Amino acid sequence: MNIGSLTFVMIALYVLSMLYCFVTTGREIRHHRKIIEKESSADLLPYDQYTWSCYALLMAAAVLILATAIVYRPLLFIIFPLMLIALFIFIMSFIGYGFNMVPVDIAMQEEAPSIETVENSIKAEDTNEDGCLSETRASEIATKLKLWCEAGGFRDSSINMSTLSSRISVPRNELSRYFERYLKSSFRTWLSDIRFQEAQRMLLERPHFNNDAISSECGFSSHAHLYKVFKMKTGMTPGQWKEKEFHS
């Protein structure tokens with residue numbers, strides 16, 4: 001096999017490896033987004049912007065290397081070292097960003113001992129034969145959630161399903177069934193509604209508060225998250241909604 005044939009083989013292997021990388025990376029991004037969306041109450045916009053921007057940069061780098069190899073191979077001696085440096089910076093940046101986030105699966109593992117303790121204390125009569133919660137157990141969970149809200153637990157912007165489960169001493173699977181079967185909602189939607197109602201109250205009772213203060217007091221991760229929720233639920237910004245309420 002001559003050098004020319006070997007080059008084409010290497011390019012083909014490179015293309016196949018890049019295609020595999022793109023497919024698996026995209027699948028993992030969507031998979032983890034679903035987990036975060038289900039288990040967390042945080043704004044998904046930063047996650048979407050960061051992950052898909054990195055994904056686009058990775059694709060652009062791969063295409064650039066391939067194009068360089070096809071058009072003018074000597075340029076690889078310049079481009080390839082630069083791409084390795086860029087890849088190293090990308091990996092280090094990604095790791096650094098990851099330290100500022102608490103992955104849901106890790107949070108679940110951290111909370112597992114306390115949840116198992118609670119599960120062991122649950123009596124068999126708390127669930128029906130089909131796995132549904134009994135009316136008594138559902139009432140107990142509703143009371144615990146109400147007390148948690150009254151204590152201002154929703155103001156914690158980092159709260160997720162696992163931490164909530166631990167704090168109110170209700171197994172995560174029961175909490176999930178309660179949201180789905182009794183509230184006909186999800187943890188994310190339920191918590192967003194509570195924060196939205198609190199934001200509405202604060203906008204009317206404390207009109208001198210700016211949106212940053214309100215978003216922080218209500219548990220939103222940022223004022224952009226507050227804007228997003230208001231736009232979705234009312235079609236207006238918080239300021240526009242407040243003006244409408246005061247003049248109605």
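Only this structure's heavy atoms are used, side chains among them; waters, hydrogens and symmetry mates stay out. Nothing here was measured: the structure is a model prediction, and the numbers come from that model.
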Problem - Under the salt bridge (Lys or Arg N to Asp or Glu O under 4.0 Å) test, residues paired with R155 that sit two or more places apart - result: E198, E217

Exercise for the section: Answer whether the closest heavy-atom distance between the side chains of T234 and F196 falls below 4.5 Å. Expected result: yes

Exercise for the section: Could you pull out the closest heavy-atom pair between M202 and C218, with the gap in Å? Expected result: SD-SG, 3.7 Å

Exercise for the section: Could you pull out the closest heavy-atom pair between K144 and I168, with the gap in Å? Expected result: CD-O, 3.1 Å

Handout entry: Shared hydrophobic cluster, F230 / L204 (ILVMFWY, side-chain heavy atoms < 4.5 Å)
Key = yes

Practice task
Find out if a path of hydrophobic residues (ILVMFWY) with successive side-chain heavy-atom gaps under 4.5 Å connects V229 to F209.
Solution key: yes

Problem - ILVMFWY network linking Y227 to W241, side-chain heavy atoms under 4.5 angstrom - result: no

Practice task
Quick one: list whatever passes salt bridge (Lys or Arg N to Asp or Glu O under 4.0 Å) with K233, sequence neighbours left out.
Solution key: D193

Handout entry: From Q197 atom CD to Q200 atom CD, the distance as rounded to the nearest 0.5 Å
Key = 7.0 Å

Handout entry: 4.5 Å side-chain heavy-atom contact, K242 and E245
Key = no

Handout entry: Separation between OG of S215 and NZ of K228, rounded to the nearest 0.5 Å
Key = 14.5 Å

Practice task
To the nearest 0.5 Å, tell me how far I214 CD1 sits from L203 CG.
Solution key: 4.0 Å

Practice task
Spell out, yes or no, whether W148 and Y182 are grouped together once hydrophobic residues are joined by side-chain heavy atoms under 4.5 Å, including indirect joins.
Solution key: yes

Problem - Close side-chain approach of R137 and S134, heavy atoms under 4.5 Å - result: yes

Practice task
Quick one: pull up NZ in K184 and CD in E180 and give me the separation to the nearest 0.5 Å.
Solution key: 9.5 Å

Fill in the blank from the handout: Distance col, row L145:CG vs L164:CG, nearest 0.5 angstrom, shows 6.0 Å

Exercise for the section: Indicate the atoms forming the closest heavy-atom contact of N211 with L226, along with that distance. Expected result: O-CD2, 3.7 Å

Practice task
Would you please name every residue forming a ring-ring contact (aromatic ring centres under 6.0 Å, His included) with F154, sequence neighbours left out?
Solution key: none

Exercise for the section: Verify the distance criterion only: is there a donor paired with an acceptor across the side chains of S162 and S165 at less than 3.5 Å? Expected result: no

Exercise for the section: Anything under 30° is parallel, anything over 60° is perpendicular, the rest tilted; go ahead and classify W190 against F179. Expected result: tilted

Problem - Side chain S216, main chain D212, donor-acceptor under 3.5 Å - result: no

Problem - Interatomic distance, L175 atom CG to R172 atom CZ [nearest 0.5 angstrom] - result: 9.0 Å

Exercise for the section: Report yes or no: do N160 and T163 form a side-chain donor-acceptor pair below 3.5 Å? Expected result: yes

Exercise for the section: Kindly say whether T237 contributes a backbone atom to a donor-acceptor pair with the side chain of Q240 at under 3.5 angstrom? Expected result: yes

Handout entry: Hydrophobic cluster membership, L147 vs I141, 4.5 Å side-chain cutoff
Key = no

